[in-house]
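To keep things clear, I will list the structure first and then write my remarks on it.
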Amino acid sequence: MSVKTFHLKDYEKIVGHQVVEELYLIGERTKGLKIRNVNSTAVGGGVAEILTRMIPLLKDVGVDASWDVIKGNARFYQATKRFHNALHGNAADLSEEDFDAFLATSEENGKAMDMSGDVLFIHDPQPITLIEQKSRQKGKWVWRCHVDVSNPDQRVWDFLRRYMDQYDATVFSAPMFSRSLPNRQFLIAPSIDPLAEKNKELSEKTIQSVLDKYKLDLSKPMVTQVSRFDYLKDPIGVIEAVEMVQRYVDCQLVLVGGEAADDPESTEVLAKVRERAQKNPDVHVLAIPSGSDVEINALQRASAVVVQKSIKEGFGLTVSEALWKAKPVVASAVGGITLQITHQYSGLLCHSVEGAAHQIKQLLQNPKFAEKLGKNGQEHVKQNFLLTRHLRDYLLLFLALTHDGDVVHL
Ligand code: UDP
């Protein structure tokens, strides 16, 4: 898939001249730095989404940025998914063999990967053991945690701590995830790219063609959740909530999702969601291939309400994506979502299926209120969660880690 990329200058029309000039200025100090990013999947999920947009922009300001993906077999990804669930507090399936499978593949990746560079930027738990190469490399090592770790299973947390503690710095998405660690901690929220196919303005014609493609019509207002098919996104809970709303307001639900290469559970979740949705002709389940960015953009734009009923959420890019399109959002009050939504100002927060149903109904019955929330949300995203702010934070992080004390006093 070829991804259309942009130059920093292109963002001026959205964020203004000053923001862009400042980025070029900071970029003067980070020029030529070799930043090596490593994660576990090239497509699917928020981390891949951000790296796809961030790498070209880093290059545009002169950073020598690269991105590698670790390799793993099905057993490895089963183990890492269990770690992921355990970090979110559910360790039911975790076994000793998972740790063994994780370590075996991690060792192979460690041997196979070139980890030279000024900053080794390791994303999430899957590649965390690469830190064992540290003694052989002179770069600075950063572990970037995108996961909601406010209440992790202690066993997995202790296991990961052995690696985490060796990093020069850690980055978390939100203050509520920061932990007592021996290294420097940075808090950097994720971002969306307003110029990406997923977020750019679309014509009515394009939106309509996507609706036609999926045989959707807007005779009933559309409530949408865009998410990987994962229990932590609670797709069944969304169906239950919308069915409660349907007793009062004639509306339809669209659940849009794809699979992430590093998530072995998604096929099972999708099957369950399809089975549950079968009974209701106004619940549409769309499993779409990765890279269907215009489709997702169009479906978000065509929605009367966007939902993100996650059980846990590191950040929830889908919330920013919807708010950027000035959509009213109902989302769970968990993790990074609470950075994005101030209840009754830039969206509505919920804590249960019944709560979600109540909020969705409220928005469908009060379009003026819904519009106001969407507008406020759009402004909030503009100020806080666009790629340019994220780029600035990353450049300053690189500078903080690599500068050699040559501070110029004015
Ligand atoms: N996404 C996508 N196709 C899908 C489902 C999700 O492109 O079928 C995108 C979604 O638009 C968002 C990202 O994947 O940009 C998901 O990021 P988020 O932080 O919401 O959740 P994660 O998947 O990382 O838990």
Side chains of His358 and Gln362: does their closest heavy-atom pair fall under 4.5 Å? yes
Between Lys138 and Asp118, does at least one N-O distance fall below 4.0 Å, as a salt bridge requires? no
Only one of Phe398, Trp143, Trp141 passes ring pair (Phe, Tyr, Trp, His ring centres under 6.0 Å) with Phe121; say which it is. Phe398
Using the ring-ring contact (aromatic ring centres under 6.0 Å, His included) rule, take Phe172 and Phe186 through it: C-alpha gap first, then chi angles, then the decisive distance, then the call. CA-CA 6 Å; Phe172 294 90; Phe186 294 80; over 10 Å; no
Are Glu49 and Arg53 close enough for a salt bridge, meaning some N to O gap below 4.0 Å? no
Check this for me: His7, atom NE2, are more than 12 non-hydrogen atoms of other residues, nucleotides or ligands nearer than 6.0 Å? no
Take the angle between the ring planes of Tyr11 and Phe6 and call it parallel below 30°, perpendicular above 60°, tilted in between. perpendicular
A side-chain contact here means heavy atoms from C-beta on lying under 4.5 Å apart; do Gln383 and Gln378 qualify? no
Without swapping roles, check the side chain of Asp98 against the backbone of Ser95 for a donor-acceptor pair under 3.5 Å. yes
Below 4.0 angstrom, N of the basic side chain to O of the carboxylate: do Arg155 and Glu96 qualify? yes
Specify whether Phe159 and Tyr163 have parallel, tilted or perpendicular ring planes, treating 30° as the upper limit for parallel and 60° as the lower limit for perpendicular. perpendicular
Measure the spacing between CG of Asn73 and OG1 of Thr105 and express it to the nearest 0.5 Å. 4.5 Å
Can a donor-acceptor pair be found, under 3.5 Å and without considering hydrogens, that links the side chain of Gln340 to the backbone of Ser320? yes
Quick one: do Lys309 and Asp234 make a salt bridge, cutoff under 4.0 Å? yes
Between Lys200 and Asn297, is there a side-chain donor-acceptor contact under 3.5 Å, judged purely by atom types and distance? no
I'd like to know if Asp282 and Lys220 make a salt bridge, using a cut-off of under 4.0 Å between side-chain N and carboxylate O. yes
Between His123 and Asn37: side-chain donor-acceptor atoms closer than 3.5 Å: yes
Would you say Gln78 and Asp93 are linked by a side-chain donor-acceptor pair, where the criterion is simply a distance under 3.5 Å? no
Could you tell me whether Lys325 atom NZ has more than 12 heavy atoms of other residues or ligands within 6.0 Å of it? yes
Can a side-chain donor-acceptor contact be found between Gln185 and Thr170 if the only test is distance below 3.5 angstrom? no
Name the orientation class of the two ring planes belonging to His88 and His84 (parallel below 30°, tilted from 30 to 60°, perpendicular beyond 60°). perpendicular
So, for Ser346 and Ile341, which heavy atoms are closest and what is the spacing to 0.1 Å? OG-CA, 3.5 Å
Have a look at Arg389 and tell me which of Val19, Leu23, Val15, Ile188 forms a side chain to side chain contact (heavy atoms under 4.5 Å, CB included) with it. Ile188
Can we say Arg144 and Asp124 salt-bridge, meaning some charged N sits less than 4.0 Å from an Asp/Glu carboxylate O? no
Before you tell me yes or no, could you show the steps for Thr206 and Ser209 under side chain to side chain donor-acceptor pair (under 3.5 Å), namely the whole-Å CA-CA distance, both residues' side-chain angles and the distance that decides it to 0.1 Å? CA-CA 5 Å; Thr206 306; Ser209 71; 5.3 Å; no
Are Asp64 and Lys31 close enough for a salt bridge, meaning some N to O gap below 4.0 Å? no
Look at Lys198 together with Asp193 and state whether they make a salt bridge at an N to O cut-off of under 4.0 Å. no
Thinking salt bridges, do Glu321 and Lys327 make one under a 4.0 Å N-O criterion? no
When you check the gap from the basic side-chain N to the acidic O, do Asp230 and Arg228 get nearer than 4.0 Å? yes
Could you walk me through whether Glu22 and Arg392 pass the salt bridge (Lys or Arg N to Asp or Glu O under 4.0 Å) test, one step at a time? CA-CA 9 Å; Glu22 204 177 285; Arg392 185 178 192 277; 2.7 Å; yes
His380 side chain to Asn376 side chain, donor-acceptor N/O pair below 3.5 angstrom: no
Check whether any side-chain heavy atom of Leu339 sits under 4.5 Å from a side-chain heavy atom of Pro175, and report yes or no. yes
Looking only at side-chain N and O atoms, does Ser332 offer a donor or acceptor that is under 3.5 Å from a partner on Gln308? no
Taking only Lys NZ, Arg NE, NH1 and NH2, and the carboxylate oxygens of Asp or Glu, determine whether Glu379 and Lys375 approach each other closer than 4.0 Å. no
State whether Lys279 and Glu243 are salt-bridged, where the test is any N-O pair (Lys NZ or Arg NE/NH1/NH2 against Asp/Glu carboxylate O) under 4.0 Å. no
Going by an N to O cut-off under 4.0 Å, is there a salt bridge joining Glu295 and Lys213? yes
Do Val69 and Asn39 make a side-chain contact, defined as non-hydrogen atoms from C-beta onward lying under 4.5 Å apart? yes
